[in-house]
Amino acid sequence: MSQILSTEAKLARTVTFADNALLSILLGDHDRHLMRIEQRLGVRLACRGNRVSITGEASRVEAAETALSSLYQRLTKGEAISVAEVDAAARLVDPAADPRLPLSDLPAIRTRKGAVGPRSPGQTGYIELLAKHEMVFALGPAGTGKTYLAVAQAVAMLISGRVDRIVLSRPAVEAGERLGFLPGDMKEKVDPYLRPLYDALQDLLPGDQMTRRMAAGEIEIAPLAFMRGRTLAHAFVILDEAQNTTPVQMKMFLTRMGEGTRMVITGDLTQIDLPNGARSGLADALDTLEGIPGIGFARFTVSDVVRHPLVARIVDAYDQRIAAQQERARGF
């Protein structure tokens, strides 16, 4: 229970927790979890006995209490919490954000290794789109979970029998043009370019199951250059780094969609590696397809970056520099 001690602009609130052992885990080693919440939400936290006091602006005190309560509830269910979960809870309740749903009602992707839930407001909407739409475009900077959540949804649908296979693709220009110069078979040639997809798969599937499913063709590596002429039915297909497709490649990929298939196209339009003057197939697809029923569009911002906090600041710094350059160019 909580007791309000002041109703001024600055609010002080005390939250009582029933289980001291769980509270100790909630606090983290040397109170590091409390310090993370303090930093992210701009409040002051102090623990005495089984009570945590929260001081700060009213909206931020409310947010901190919600974050602490949700993390404590995870512990009562036997779920572990780490710095990542603490950051996610704070990010989702930040008064400056728009989570759209109470923490208890947030959507999740359920796999055999547990539920994968959103860690930012943008991820909340993305998970909803993945559940509802047969084709989803996910746009935004690195570290926002675009690829990981797509793979999680693919794994969930595969193990539940809703699709027969997962198809992973990526427009690695080097792989498409120089496969013959790389050692090994087709899988070995393209593995370096699909490493992020593999990493997500390995995190969501036991290693032996992943190997077995790949051997059975239930998880397939399909370089974009070799997709032409195919029809993909009852599959979950992920095209990663789609900003590096050409418009012709993008149209070819999208028209591979067959009966019972889901497609997710992820990319970052600030990271285009095509030759100067070449139009990105992802940008072209957005201009062409946005507004078509049945296609979902998820747009992530720097506030959705769920990697190390420095990553968000680095992305923001680059974005600000690009914006300043564009402003100077308009001035001329």
Side-chain angles (χ1 to χ4, degrees), residues 36 71 74-75 77-89 91-92 106-120 122-131 136 138 140-170 172 187-188 190-222 235-242 262-268 298 300 304-312 315:
R36 301 288 288 197
L71 291 166
R74 287 177 62 100
L75 293 172
K77 298 174 185 177
E79 300 175 10
I81 63 171
S82 66
V83 170
E85 278 76 38
V86 173
D87 284 347
R91 191 182 297 112
L92 286 164
L106 290 175
I109 299 170
R110 305 196 177 277
T111 72
R112 286 179 184 169
K113 293 193 74 174
V116 179
R119 291 186 171 181
S120 75
Q123 287 189 0
T124 301
Y126 185 36
I127 290 176
E128 293 172 338
L129 289 175
L130 290 173
V136 176
T144 51
K146 303 184 301 294
T147 300
Y148 187 88
L149 291 175
V151 174
Q153 181 72 4
V155 167
M157 293 188 70
L158 178 65
I159 63 180
S160 67
R162 295 171 63 192
V163 296
D164 296 334
R165 56 184 168 149
I166 297 171
V167 180
L168 308 176
S169 189
R170 199 175 187 188
K187 177 181 175 301
E188 292 169 329
V190 301
D191 270 1
Y193 305 103
L194 294 163
R195 191 74 254 166
L197 297 170
Y198 277 123
D199 289 345
L201 279 171
Q202 289 171 344
D203 194 38
L204 294 159
L205 283 172
D208 59 338
Q209 186 179 143
M210 178 175 166
T211 302
R212 185 172 67 252
R213 288 182 182 274
M214 290 190 74
E218 294 179 10
I219 298 175
E220 179 187 353
I221 305 304
F236 198 108
V237 189
I238 299 171
L239 176 61
D240 197 30
E241 299 289 341
R262 297 287 187 101
M263 281 189 167
V264 179
I265 301 94
T266 72
D268 178 0
F300 295 91
D304 295 304
V305 173
V306 296
R307 290 181 185 167
H308 191 286
L310 268 178
V311 175
V315 170

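Values below: every heavy atom of this structure, side chains too, minus hydrogens, waters and symmetry copies.
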Using the side chain to side chain contact (heavy atoms under 4.5 Å, CB included) criterion, which residues pair with [X]? Sequence neighbours excluded.
| X | result |
| --- | --- |
| A152 | I109, V116, L204 |
| A84 | S82, R119 |
| D199 | R195, Q202 |
| A242 | L239, M250, I265, L282 |

Where is the tightest heavy-atom contact between [X] and [Y], given as atom of each residue plus distance?
| X | Y | result |
| --- | --- | --- |
| D268 | G140 | CB-O, 3.2 Å |
| P118 | L92 | O-CD1, 3.5 Å |
| V305 | A142 | CG2-O, 3.7 Å |
| I238 | A154 | CD1-CB, 4.2 Å |
| V86 | R36 | CG1-CB, 3.9 Å |

Inset, instruction - With side-chain contact (heavy atoms from CB on, under 4.5 Å) as the test, would you mind laying out the steps for D240 and L168 before giving the verdict? - result: CA-CA 8 Å; D240 197 30; L168 308 176; over 6 Å; no
Atom pair [atom1] ([X]) and [atom2] ([Y]), whose distance is rounded to the nearest 0.5 Å:
| X | Y | atom1 | atom2 | result |
| --- | --- | --- | --- | --- |
| R262 | I166 | CZ | CD1 | 13.0 Å |
| I127 | Q153 | CD1 | CD | 8.5 Å |
| Y198 | I219 | OH | CD1 | 9.0 Å |
| Q209 | L158 | CD | CG | 8.0 Å |

Inset, instruction - Scan side-chain atoms only and decide if S120 and D304 contain a donor-acceptor pair under the 3.5 Å cut-off. - result: yes
Inset, instruction - For side-chain contact (heavy atoms from CB on, under 4.5 Å), just list the numbers for R213 and I159, CA-CA rounded to whole Å, side-chain angles, deciding distance to a tenth of an Å, and then say yes or no. - result: CA-CA 10 Å; R213 288 182 182 274; I159 63 180; 3.8 Å; yes
Inset, instruction - Before giving the answer on side-chain contact (heavy atoms from CB on, under 4.5 Å), spell out for L197 and L201 the whole-Å C-alpha distance, their side-chain angles and the decisive distance to 0.1 Å. - result: CA-CA 6 Å; L197 297 170; L201 279 171; 5.5 Å; no
Legend entry - Partner residues of F300 under the ring-ring contact (aromatic ring centres under 6.0 Å, His included) criterion, sequence neighbours left out: Y126
Legend entry - Inter- and intrachain pairs under salt bridge (Lys or Arg N to Asp or Glu O under 4.0 Å), touching residues 145-164, at least two apart: none
Legend entry - Under the side chain to side chain donor-acceptor pair (under 3.5 Å) test, residues paired with R165 that sit two or more places apart: E220
Legend entry - Residue pair V306, Q123: steps toward the side-chain contact (heavy atoms from CB on, under 4.5 Å) verdict: CA-CA 10 Å; V306 296; Q123 287 189 0; 3.8 Å; yes
